[in-house]
Amino acid sequence: MKIELKLNGKDVAWDCAPHEFLTEALRRHGLLGTKRGCESGDCGACSVLLDGEEVPSCLVLAAQAAGHEVTTIEGLGDFAGPHPLQKAFVDHTAIQCGFCTPGMVIAAKALLDVEPRPSEHAVRECLAGHPCRCTGYVKPIQAVLAVAATNAGGEAR
Amino acid sequence: MYLALERYSRPSTVHECLELLHAQGGRAALLSGGTDLHARADEALTHVIDLQALPLAEVRASGDSLRLGARVTLARLRREPALARPELAALREAAGAYAVVALQNRATLGGRIMVDRGTEDVPTALAALGAELALARRVDGQIVTEREPYPVGQRARAALEGALVCAVVLPLGTGKSALRRFGRTAVDQPLASVAAASRAGAIHLAANVQGPGAADLRTLPRTGALASAWLADRPADWRAQARVALLGELAAFEDPWASGDYRRDLSATLGVRALAAVFGEPEIV
Ligand SMILES: Cc1cc2nc3c(=O)[nH]c(=O)nc-3n(C[C@H](O)[C@H](O)[C@H](O)COP(=O)(O)OP(=O)(O)OC[C@H]3O[C@@H](n4cnc5c(N)ncnc54)[C@H](O)[C@@H]3O)c2cc1C
Ligand code: FES
Ligand code: FES
């Protein structure tokens, strides 16, 4: 089936099988920043923004995303021009293997877009669905709070 | 993993939706947030019917009731201004206790009501709040709509079978409500949750126990009747009396997670706390 969506600000039209999940469709089209983890909604590694809200792309069929706007980690920034959150994660050494990081950054972006200066509690709640097996949580929380302090991550880019 | 899924539909009317469901029989399923359906990914499912284009996401207060469309997400329940009322606190608390943000953004009221015959925190709150369900079904080729009191216990499976949940309708008034729950960890399903609500001069209670393989949502009318008499004036030992009444009405539900006695006692404690919150009294003395 043919689906049309807005992906990282650009209109795309894809051929997808009805059973294909958004994680797979994204990765098949080269967007490998969205990770395939538990595939059951538990780990947050596959999080993307769907119409600005964080969702687990492993529990969204590609067909369900048709007509909607999807933002992946690649849509936030890249090596040459990282998003303030991406830069803050690097600056705070909030990354080791990096497998959980795209999901955490996406979750933080969704939070800061609606709440530019969240409390630490709100940051903890937003990262709660993102278990990390190597870095832990203190540094990611610090990274998000640092961006919140400058209020830079809350600005649309 | 879906092995047989070969068709995705996105109907825009209730009629079209129920016709599609009927035409495909047992191999088709309604799809709302997908947090349960996709996580289970039934291997035999051939067709999913996505509800996203149906006009089922409204939140509308009219006079003495509030209508919440079945596609309203749990995230929206948490932040919806129409729910910022003391009598609906139990529902906000239940939505806030659900899983994590990304899942709250997807999971919907309709899905929560249909899964496991509508047990868990949100249905516990709905049962105590006196919710009604607006349902649509296909009967003899016709689409029939009906309003049903929130179904609990044995009634639930039959009442919900084959139905499209269109909305939840909540009575509005001047009362208060509260939900108290306990799970072993922040991410586990609760071992028990109890909701209490005061409405039109009476107290209504619902309790839900849940564990692997079984669940039980029930209302507690005898304790409710007793507690209603305490709305204006309470005896000094009302907590002890309430506990005895609750223990008499709650099931001793046993499974590998907790013994029956433990769960029943836990539920009684949660019930007393929910009542204290409704009475405006300290929960722990
Ligand atoms: C990681 C994870 C954590 C979870 N944690 C919790 C938790 O903490 N608390 C909790 O309560 N649940 C939890 N769940 C279970 C699930 O998220 C909930 O049951 C959720 O509310 C389902 O809603 P949905 O909209 O996603 O339903 P869907 O998955 O879309 O549908 C579920 C079922 O309901 C039917 N259905 C959906 N909408 C309607 C309708 N309007 N009319 C008729 N039938 C309908 C579908 O056909 C399907 O059978 C969790 C699930 C996952 C994967
Ligand atoms: S892969 Fe989607 S939540 Fe784990
Ligand atoms: S950095 Fe390795 S899992 Fe988080």
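Because the structure is a prediction, the values reported are computed rather than measured. To find a chain, count down the sequence lines: A is the first, B the second, and so on, and within it residues start at 1.
- Neither the backbone nor the side chain of Ala17(A) comes within contact range of chain B; no heavy atoms are under 4.5 Å apart.
- Chosen from Asn105(B), Leu3(B), Leu45(B), the residue pairing most often with chain A at heavy-atom distances under 4.5 Å is Asn105(B).
- Using a 4.5 Å cut-off between heavy atoms, Leu31(B) contacts chain A through its side chain alone, with no backbone atom that close.
- The choice from Ser40(A), Gly129(A), Cys126(A), Ala63(A) that makes the most heavy-atom pairs within less than 4.5 Å of chain B is Ala63(A).
- For Asp50(B), the part sitting under 4.5 Å from any heavy atom of chain A is the side chain, from C-beta outward, and nothing else.
- Counting heavy atoms from C-beta outward, Tyr8(B) and His19(A) have side chains that stay 4.5 Å or more apart.
- No salt bridge links Arg79(B) with Glu115(A); every basic N to acidic carboxylate O contact stays at or beyond 4.0 Å.
- The shortest heavy-atom contact between Glu125(A) and Val101(B) is O-CG2, 4.0 Å.
- Taking Met1(A), Glu39(A), Glu53(A) one by one and counting their heavy-atom pairs under 4.5 Å with chain B, the maximum is reached by Glu53(A).
- If you tally non-hydrogen atom pairs under 4.5 Å between each of Gly44(A), Pro56(A), Cys38(A) and chain B, the highest count goes to Pro56(A).
- With rounding to the nearest 0.5 angstrom, the CD atom of Glu54(A) is 8.5 Å from the CG atom of Leu103(B).
- Looking at Ala110(A), neither its backbone nor its side chain comes within 4.5 Å of chain B, counting heavy atoms on both sides.
- Chosen from Val55(A), Leu50(A), Asp42(A), the residue pairing most often with chain B at heavy-atom distances under 4.5 Å is Val55(A).
- Relative ring orientation between Tyr2(B) and Phe21(A) is described as parallel, the plane-to-plane angle staying below 30° on a 0-90° scale split at 30° and 60°.
- Heavy-atom distances place the side chain of Gln52(B), and not its backbone, under 4.5 Å from chain A.
- Annotation for Glu4(A): atom CD does not count as buried by contact number, only 12 or fewer foreign heavy atoms lying within 6.0 Å.
- Contact of Arg106(B) with chain A is made through the side chain alone, with heavy-atom distances under 4.5 Å.
- At a 4.5 Å heavy-atom cutoff, the contact between Arg10(B) and chain A is made by side-chain atoms alone.
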